[in-house]
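Everything on this sheet refers to the single structure shown next.
Each chain gets a letter, A, B and so on, in the order its sequence line appears, and its residues count up from 1. Below, all heavy atoms of this structure are taken into account, side chains as well, without hydrogens, waters or symmetry copies.
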Amino acid sequence: MNLPESLKYTKDHEWVRIEGNIATVGITEFAQGELGDIVFVEIETEDEDLAKEEVFGTIEAVKTVSDLYMPLSGTVIEVNEDLETQPELVNKEPYDGGWMIKIQIKDTAELASLLSAADYKALID
Amino acid sequence: MKKTVLYDVHLALGAKMISFAGYDMPVEYTGINSEHMAVRNAAGIFDVSHMGEFWVKGPKALEFLQKVTSNDVNRLKPGQAQYSCFPNGKGGVVDDLLVYHYSNEKYMLVVNSANIDKDWNWCQLQNTMGAEIENASDNISLIAVQGPKSASILQKLTSVNLTDIPFYSFITGNFAGVDNVIISNTGYTGSGGFELFMYNEEAVKIWNAILEAGGNEGIMPAGLGARDTLRLEMGYCLYGNDMDDNTSPLEAGLGWITKFVDNKPFIDRDFLENQKAEGIARRLTGIVMEEKGIPRNSYSIVDENGSLIGRVTSGTMSPVLKQGIGLGYINKEFAVDGKPVFIVIRNKQLKARVKRPPFI
């Protein structure tokens, strides 16, 4: 299981890349494997201010629909438009081309609540 | 949790397993989309051994089947199979099934795995004429090989001439060195192919022989996920979703297997003849999304004013069309090919259109 050390994780199976005040968010390799072929990613919250654990979008696999949760409070400043035509990027490149949103972080104190790669690994093992 | 005899084979092939109808079954191996396209373009091999098989034998077999099934078994010659359903005595459906006319006074019924116990109890209850019935579900395995390359792959393993088997017909013969395999030109994918019935102890040998024979022709093991998307692209009903104890065969679009012929006093015949004469209020129909979205079981179908006109019973993203497709019950006046309707997905009214299946 590929779990880059440089990323943070959540119990909702998302990864978070922190660069200054910006957090890039996607779902983990484990999550995409559990969901199977992703056929639709719907994110309509660009420019919205959302609280940690609010729903920012929806991801549909062939058989299932799942909500996507904010790992941190903040403003959704960018949405990966490639996923509109190529949702399979979430399967193929979960940590790269399959990223979903960028958040302008509101409260850096919340960073402490994110999991390390080792903590997340313990969660899914 | 029950296992088919191919369980270890699935694990060795890297299958993701799920619980389905009391069985631990492969939902996918490499991915639903790739397995789906393998079936559409080459071939896929499915373990559907969870399906149930009942034998019906003896001088009362035909009378029993004419009573419990909706289709006309009189028209079925030995070597032929027939799609049918069990009306439930209350205007609904106990299950849908295939009836195989195996030989004189001997029939095999193939029923849905989730309904084996229910169907068996129903058949015993209705067997007032004393047909010999036997539940062989735990002894028989079923392997489906579907897709345009199926015949050329399977032909390598049998001297039975597969092109001699018409659609919805079967031959019992030697296959991969195993005697008495039922080779049936049937399936649930719309891509052609065969279904093979054998005793459990032969299933692993036959499965491996087919995978090896089809290796050069692109055969892939395929799971229940692809089985569902394949049947949905054809608009085939799935019992439990698209029909059940509360839907009539006529509402489910199964009028073509409901035969009001002479000398066939079947369960619910009077009710269904009345319903046919009076007309049904709702009908199972296909839906194609015109906006981006996937119809799913229980989603509301509404008209342009947002009034409820029906409900989705099955849906998926079509791997071939890359479009959301589904089946659902819609008020009769809207169940017209091409009619614009809307599906409510996450509180949004998305454009769709009624489409008479198949979708592809």
Can you tell whether the side chains of B/Lys348 and A/Glu44 come within less than 4.0 Å, N to carboxylate O?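 The answer is yes: the pair qualifies as a salt bridge.
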Is any side-chain N of the basic residue among B/Arg231 and B/Asp242 closer than 4.0 Å to the acidic one's carboxylate O? yes
I need the residue from A/Glu60, A/Glu84, A/Glu88, A/Lys63 with the largest number of non-hydrogen atom pairs under 4.5 Å to chain B. A/Glu60
Tell me which of these, B/Asp228, B/Val27, B/Thr229, B/Ile294, has more heavy-atom pairs under 4.5 Å with chain A than the rest. B/Ile294
Parallel, tilted or perpendicular: rings of A/Phe30 and A/Tyr120 (30°, 60°):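 Aromatic pair A/Tyr120/A/Phe30 classed perpendicular.
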What orientation do A/Trp15 and A/Tyr95 show, parallel under 30°, tilted 30 to 60°, or perpendicular over 60°? tilted
Which atoms of A/Leu35 come close to chain B, meaning under 4.5 Å heavy atom to heavy atom: side chain ones, backbone ones, both, or neither?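 For A/Leu35, the backbone is the part near chain B, not the side chain.
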What part of B/Lys322 gets within 4.5 angstrom of chain A, counting heavy atoms only: side chain, backbone, both, or neither?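 Interface part for B/Lys322: neither.
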